[in-house]
Amino acid sequence: MMSAPVTAYRASIVHFRADPALDPQACVWHEDGLLTVQDGRILAAGDYAACKQQLPADAVLLDYRGKLIVPGFIDTHVHYPQTDIIASPAPGLLPWLESYTFPTERRFADPQHGAEVARFFLDQLMAAGTTTAMVYCTVHRESVQAFFEESAARNLRMVAGKVLMDRNCPEFLRDTAESGARDTEDLIRQWHKNGRQLYAITPRFAPTSSPAQLQLAGELAQRYPDTYLQTHVAENCDEVAWAGQLFPEARSYLDIYDRYHMLRPRAMYGHCLWLDDRDRQRMAEAGAAVAVCPTSNFFLGSGLFDFARFDAERVLLSLATDIGGGTSLSMLQTMGAAYKMARLKGCHLSALRLFYLATLGAARAMQLQGTIGNFEAGAEADFIVLDPQATALLARRTADSASLEELLFALALLGDDRAVAATYAGGVLQYATP
Ligand code: GUN
Ligand code: ZN
């Protein structure tokens with residue numbers, strides 16, 4: 001049998017084999033490197049001089065010298081139906097949901113609308129260098145269908161799910177405990193592990209689900225343990241108080257989900273700003289993960305995430321945009337905001353840690369290490385090419401960077417989608433700067 005052709009990419013290559021906060025050897029850097037890809041998977045990442053020898057004679061070589069290849073970014077919490085309401089003004093989370101979010105989500109009853117927004121959204125993700133995302137759809141099953149069809153057509157590794165909400169929201173956006181569970185199970189059967197698509201059971205947040213709905217969602221989460229689960233927790237003080245009134249028997253907001261068996265591996269909790277030590281210990285023990293959403297938390301004035309406290313308990317962490325609450329789809333901008341948020345809590349995050357959180361850290365939080373997130377042999381070939389000279393200011397600053405840490409720091413603080421020169425998913429070029 002003829003073997004598939006090998007494509008090789010020459011650039012400076014950076015990826016991680018561990019968390020740089022815990023292991024000083026975690027970062028792998030080939031200053032003049034070569035990444036080889038065959039059949040949509042990584043063959044190897046190494047030094048150009050050594051790897052060049054092993055290339056088959058018919059390999060295609062692409063020259064990205066002067067640029068940086070890193071694994072595709074992973075955004076672990078984003079609402080595709082909120083693309084059109086990014087940057088909509090409101091005094092905090094609950095008024096923002098009422099004034100903008102619910103009306104815009106109503107439009108997704110129309111499958112044509114869902115398909116059009118899904119196309120635009122995925123184009124934007126590719127331009128931002130994000131190759132995997134955990135995506136909230138709307139309460140309409142058609143919105144999930146539209147999203148997965150578009151993602152599958154591009155062979156992207158995406159996680160998505162139908163929002164469950166059966167109370168405390170407008171009538172036109174409600175399912176019922178039973179219909180929500182039925183739709184979810186149908187969608188799991190159709191889409192979970194269908195090609196690169198993965199399903200996330202998605203109760204929006206405890207206040208918009210009845211106990212009966214949370215019960216059924218938790219049962220599905222147990223019956224299909226390799227699916228994902230995603231929800232919001234402890235984002236905003238008013239929301240925390242509301243959840244407490246609705247579920248007075250729970251010890252804490254997080255404990256509501258715990259009581260319905262939703263703390264488990266592959267469960268991704270958005271925000272986690274107002275949790276206590278016991279909550280953090282439970283998350284670590286259960287293998288549940290956090291999606292830290294800094295641009296959203298700044299925009300909605302929700303609060304500051306406490307990296308040091310979560311690190312002390314070794315909770316799985318990742319970074320996310322939370323569009324439309326967030327203000328940028330760029331994970332570089334998200335890293336910059338995470339850095340500033342950590343500073344306001346007295347903590348210094350290194351650029352290595354920020355890039356780790358947006359790549360291998362997220363893959364680990366999703367139990368997808370070995371599949372995405374770094375360049376180990378056999379991983380799916382999702383990678384991006386960053387241009388440290390994309391803007392005049394970046395070029396000037398990075399010309400003078402004394403170390404890899406300084407170069408990555410400048411990209412995280414000054415970079416955005418303009419710094420993404422090319423995006424590859426499954427070894428196929430999805431986007432290149434015009
Ligand atoms: N909490 C419940 N729903 C939402 C949402 O759509 N966005 C944000 N940021 N928080 C939420
Ligand atoms: Zn959200």
Side-chain angles (χ1 to χ4, degrees), residues 75-108 117 121 133-140 143 147 159-170 173-175 180 200-209 213-214 217 228-244 246-247 253-254 256-257 262 267-275 289-305 318-329 334 337 341:
D75 178 350
T76 58
H77 180 128
V78 59
H79 302 255
Y80 100 84
Q82 297 175 13
T83 305
D84 292 339
I85 54 150
I86 186 171
S88 293
L93 172 67
L94 300 177
W96 176 81
L97 286 173
E98 285 292 335
S99 314
Y100 290 102
T101 313
F102 293 150
T104 209
E105 291 195 7
R106 181 180 200 172
R107 302 181 63 194
F108 287 75
V117 178
F121 172 80
M134 289 189 66
V135 179
Y136 286 65
C137 302
T138 65
V139 73
H140 315 96
S143 71
F147 180 80
V159 183
K162 184 200 106 74
V163 161
L164 299 167
M165 47 180 176
D166 66 349
R167 66 165 173 173
N168 295 325
C169 61
L173 278 182
R174 285 186 202 184
D175 55 10
I201 299 163
T202 309
R204 181 176 209 115
F205 64 157
T208 48
S209 282
Q213 181 158 69
L214 293 180
Y228 288 81
L229 186 143
Q230 57 185 354
T231 191
H232 299 81
V233 70
E235 174 178 5
N236 168 289
C237 294
D238 295 338
E239 169 218 12
V240 174
W242 189 24
L246 291 167
F247 297 91
Y253 190 167
L254 186 76
I256 301 170
Y257 299 119
M262 292 184 192
M268 184 60 73
Y269 284 87
H271 304 290
C272 299
L273 301 181
W274 306 100
L275 300 187
V290 182
V292 182
C293 306
T295 71
S296 169
N297 300 156
F298 283 139
F299 176 69
L300 292 170
S302 303
L304 301 173
F305 183 78
S318 61
L319 300 179
T321 64
D322 191 29
I323 294 304
T327 51
S328 170
L329 269 175
T334 304
M341 176 181 266

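Start at 1 and go down the list; that is how both ligands and their atoms are numbered. Note that the structure is a prediction, hence the values are computed from the model and not measured.
With contacts defined as side-chain heavy-atom distances shorter than 4.5 Å, the pair Thr101/His79 does not qualify.
A distance of 6.0 Å separates CZ of Phe121 from CG of Leu329, quoted to the nearest 0.5 Å. The distance from atom CG of Asp75 to atom SG of Cys293, rounded to the nearest 0.5 Å, is 8.0 Å. Atom CE of Met262 is separated from atom OG1 of Thr231 by 7.5 Å, given to the nearest 0.5 angstrom.
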Between side-chain atoms of residues 200-209 and protein atoms elsewhere (two or more places apart, or another chain), which donor-acceptor pairs fall under 3.5 Å?
residue, atom, partner, partner atom, Å
Thr202, OG1, Ala200, O, 2.6
Thr202, OG1, Gln230, NE2, 3.2
Arg204, NH1, Glu105, OE1, 2.9
Arg204, NH2, Glu105, OE2, 3.0
Thr208, OG1, Phe205, O, 3.2
Ser209, OG, Gln213, OE1, 2.8

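Shortest contact from atom 10 (N) of ligand 1 to any protein heavy atom: Glu235 OE1, 2.7 Å. Ranking the protein heavy atoms by distance from atom 6 (O) of ligand 1 puts Arg204 NH2, 2.7 Å first.
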field: CA sep, side-chain torsions, deciding dist, call: Trp242, Leu246, side-chain contact (heavy atoms from CB on, under 4.5 Å)
entry: CA-CA 6 Å; Trp242 189 24; Leu246 291 167; 3.7 Å; yes

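Remark: the Tyr136 side chain and the Gln82 side chain contain no N/O donor-acceptor pair separated by less than 3.5 Å.
Every atom of ligand 1 is numbered from 1 in the order shown, and the set under 4.0 Å from a heavy atom of Phe205 is 1 (N), 2 (C). Within the listing of ligand 1, atoms 5 (C), 6 (O), 7 (N) sit less than 4.0 angstrom from a heavy atom of His79. In the vicinity of Leu97, heavy-atom distances shorter than 4.0 Å reach the ligand 1 atoms 3 (N), 4 (C), 5 (C), 6 (O). Close approach of ligand 1 to His271 (heavy-atom distance below 4.0 Å) involves ligand atoms 9 (N).
Of all protein N/O/S atoms, those lying under 2.8 Å from the Zn ion (ligand 2) come to 4.
Contacts between Asp322 and ligand 1, counted as non-hydrogen atom pairs separated by less than 4.0 Å, involve the side chain only. Within the 4.0 Å heavy-atom criterion, the part of Trp96 lying near ligand 1 is the side chain and not the backbone.
Side-chain rings of Tyr253 and Tyr269 stay apart, their centers remaining 6.0 Å or farther from each other.
Judged purely by atom type and a 3.5 angstrom limit, Ser318 uses its side chain to pair as donor or acceptor with the backbone of Val290.
Residue contact check for ligand 1: Glu239 places no non-hydrogen atom closer than 4.0 Å to it.
Counted within 6.0 Å of CZ on Arg107, heavy atoms from surrounding residues, nucleotides or ligands total 12 or fewer; the atom is thus considered open.
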